[in-house]
Amino acid sequence: MAIRPADHLAIIDAARVLRDGGLVAFPTETVYGLGADATDGRAVARIFEAKGRPKFNPLIVHVASLEMAAQLGVFPEQARALAAAFWPGALTLVVERTPDCPASDLVSAGLSTIALRMPAHEIARDLIAAAGVPLAAPSANPSESLSPTLAAHVAEGLGAHVGMILDGGPCPLGVESTVCAIFGDEVIQLRPGAIPRDAIENVVGKLSDRALDEKHSPGQLARHYAPRTPLRLNAETAAAGEALLAFGPNVPPHDAPSRNLSPSGDLGEAAANLFAMLRELDASSASSIAVMPIPSAGLGEAINDRLSRAAEPAS
Ligand code: TXA
Ligand code: MG
């Protein structure tokens with residue numbers, strides 16, 4: 001495995017690794033992705049092996065243009081409106097596969113749908129364009145563990161399995177994309193993420209509150225995004241032996257190892273810091289990590305979703 005600064009030459013080399021069926025980790029505006037040529041079933045299978053990901057959990061396919069997206073998925077009006085409003089960006093759209101969809105069936109894990117996203121990060125866009133194929137890319141971490149927001153996080157978790165890691169520095173948003181499924185006129189949020197619910201509802205109106213069954217929303221494992229150290233949520237302060245993940249200006253006095261997601265109480269800053277700070281506190285030898293309450297508005301929905309899954313005990 002080689003970590004390389006993502007300059008022009010490294011991107012050209014990475015595109016070659018991808019065309020040869022290899023895996024390349026690359027930065028996006030949300031988290032680092034573990035990419036493979038989405039049209040090559042053997043390459044896609046390597047992603048599942050590297051992550052230890054259950055085969056029933058489908059992958060997001062990343063595109064560099066609307067033309068590429070239209071070859072893969074059928075866009076009803078609401079999907080077109082969402083793509084126009086948020087692409088390139090941190091919104092993933094789950095739509096029906098086209099009849100002659102060139103992506104491997106493995107990316108859809110047996111469903112008739114495909115998840116598509118056009119990332120905004122320049123390195124991701126350049127890489128897809130250089131490879132000339134859509135890229136299947138889940139977050140570049142072992143299944144269930146914390147998502148990577150730095151190249152070093154990828155090396156730590158998956159180093160042995162990746163052909164190349166393109167280093168583009170820290171991911172600016174820090175939480176994964178919002179995933180929405182579109183069925184005709186109905187829009188269902190499958191995963192809260194970096195685009196808040198309100199912003200989506202401004203474009204398509206109220207989201208449907210119908211919950212999809214597990215088969216159609218297979219990604220919502222109760223335990224996910226989890227550090228090794230247990231989490232204690234909505235904590236007032238740290239108890240003896242605990243570490244403290246604080247939020248906002250009013251942090252009670254403590255002598256625990258601590259990080260503050262955002263001293264000014266800014267949810268965007270908190271999202272960007274979330275996974276890296278959880279990793280740092282996970283490395284302290286605390287018995288558990290006490291997490292102060294985070295407001296649930298806007299990006300708080302995604303932050304609290306990740307925290308509650310991280311707090312779920314290992315089975
Ligand atoms: O920000 C992101 O979305 C990052 C970057 C790398 O793009 N990717 C990411 O991928 O978070 P992953 O695999 O960790 O999460 C993808 C989510 C999973 O919950 C998966 O179940 C869901 O999207 N998903 C993918 N395809 C689907 C489909 N056809 N139907 C329903 N859910 C799908
Ligand atoms: Mg993931």
Side-chain angles (χ1 to χ4, degrees), residues 23-36 38 44 47-48 50-63 72-74 79 86-97 101 103-121 123-125 127-128 134-149 153-154 157-158 166 168 171-183 188-195 211-226 271-272 275 302 305-306 309-310:
L23 303 183
V24 171
F26 61 96
T28 80
E29 67 275 29
T30 58
V31 301
Y32 275 76
L34 179 64
V44 175
I47 293 180
F48 285 92
K51 283 183 60 94
R53 182 177 177 109
K55 293 278 195 310
F56 58 77
N57 195 0
L59 305 176
I60 298 173
V61 176
H62 296 68
V63 297
L72 298 160
V74 180
F86 298 110
W87 281 6
L91 180 68
T92 294
L93 300 174
V94 173
V95 296
E96 289 295 324
R97 291 170 67 105
C101 177
S104 159
D105 286 333
L106 278 181
V107 303
S108 298
L111 297 169
S112 61
T113 52
I114 187 165
L116 298 170
R117 173 159 107 82
M118 188 193 295
H121 199 293
I123 296 168
R125 300 286 296 280
L127 179 65
I128 304 167
L135 297 184
S139 52
N141 53 283
S143 194
E144 293 191 17
S145 70
L146 292 168
S147 295
T149 54
H153 298 160
V154 181
L158 291 178
L166 287 176
C171 300
L173 299 179
V175 283
E176 298 84 350
S177 62
T178 305
V179 180
C180 284
I182 294 97
F183 297 108
I188 304 177
Q189 180 175 271
L190 301 182
R191 175 177 76 180
I195 307 267
L212 289 188
D213 56 33
E214 231 164 73
K215 180 172 182 295
H216 294 92
S217 183
Q220 295 305 72
L221 303 172
R223 180 179 162 82
H224 202 159
Y225 313 105
F275 290 129
D305 171 80
R306 303 306 185 267
R309 289 176 206 284

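Because the structure is predicted, anything quoted here is derived from the model rather than measured. Counting starts at 1 for both ligands and their atoms, in listed order. The chain is numbered in sequence order, starting from 1.
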Query raised in the report: How far apart are the C-alpha atoms of E29 and R117, what are their side-chain angles, what is the distance that settles it, and do they pass the salt bridge (charged side-chain N to carboxylate O under 4.0 Å, His left out) test?
Result: CA-CA 12 Å; E29 67 275 29; R117 173 159 107 82; 2.9 Å; yes

Report summary line: Within the 4.0 Å heavy-atom cut-off, what L190 brings close to ligand 1 is side chain

Report task. Starting from atom 15 (O) of ligand 1, find the nearest protein heavy-atom neighbour and note its residue, name and distance. Result -> R191 NH1, 3.1 Å

Report summary line: Candidates V179, L116, V107; heavy atom nearest atom 23 (O) of ligand 1 found on V179

Query - Ligand-side contact atoms (ligand 1) for residue partner S139, heavy atom cut-off under 4.0 Å - result: 8 (N), 9 (C), 10 (O), 12 (P), 14 (O)

Requested in this report: Assign the ring pair F26 / H62 to parallel, tilted or perpendicular, where the plane angle (0 to 90°) is split at 30° and 60°.
Outcome: perpendicular

Query raised in the report: By number and element, which atoms of ligand 1 are closer than 4.0 Å to a non-hydrogen atom of H62?
Result: 5 (C), 6 (C), 7 (O)

Query - Test of proximity, R117 against ligand 1: N or O pairs below 3.5 Å - result: yes

Report task. Please report which non-hydrogen protein atom sits nearest to atom 31 (C) of ligand 1, along with the residue it belongs to and the distance in Å to one decimal place. Result -> H216 O, 3.4 Å

Requested in this report: Would you please say whether a donor-acceptor pair under 3.5 Å links the side chains of R191 and S177?
Outcome: yes

**Report entry** atom 24 (N) of ligand 1: the protein heavy-atom neighbour that sits closest, reported with distance to 0.1 Å
**Finding:** P58 CG, 3.9 Å

**Report entry** Heavy-atom nearest option to atom 21 (O) of ligand 1, drawn from V94, L34, N57
**Finding:** N57

**Report entry** Region of K51 engaging ligand 1 - heavy atom pairs below 4.0 Å
**Finding:** neither

Requested in this report: Would you mind listing which atoms of ligand 1 come within a distance below 4.0 Å of any non-hydrogen atom of A115?
Outcome: 25 (C), 26 (N), 27 (C)

Report task. Confirm or rule out an N/O/S atom of S139, from backbone or side chain, lying less than 2.8 Å from the Mg ion (ligand 2). Result -> yes

Report summary line: ligand 1 atoms nearer than 4.0 angstrom to some heavy atom of G33 are 6 (C)

**Report entry** Between S112 and E96: side-chain donor-acceptor atoms closer than 3.5 Å
**Finding:** yes

Query - T113 and ligand 1 - part of the residue with a heavy-atom distance under 4.0 Å - result: both

Query raised in the report: Going through the checks in order, is the side-chain contact (heavy atoms from CB on, under 4.5 Å) test met by T28 and E176?
Result: CA-CA 9 Å; T28 80; E176 298 84 350; over 6 Å; no

**Report entry** Contact (N/O only, under 3.5 Å) between S177 and ligand 1
**Finding:** yes

Report task. Would you mind finding which of T30, V61, V175 brings a heavy atom closest to atom 5 (C) of ligand 1? Result -> T30

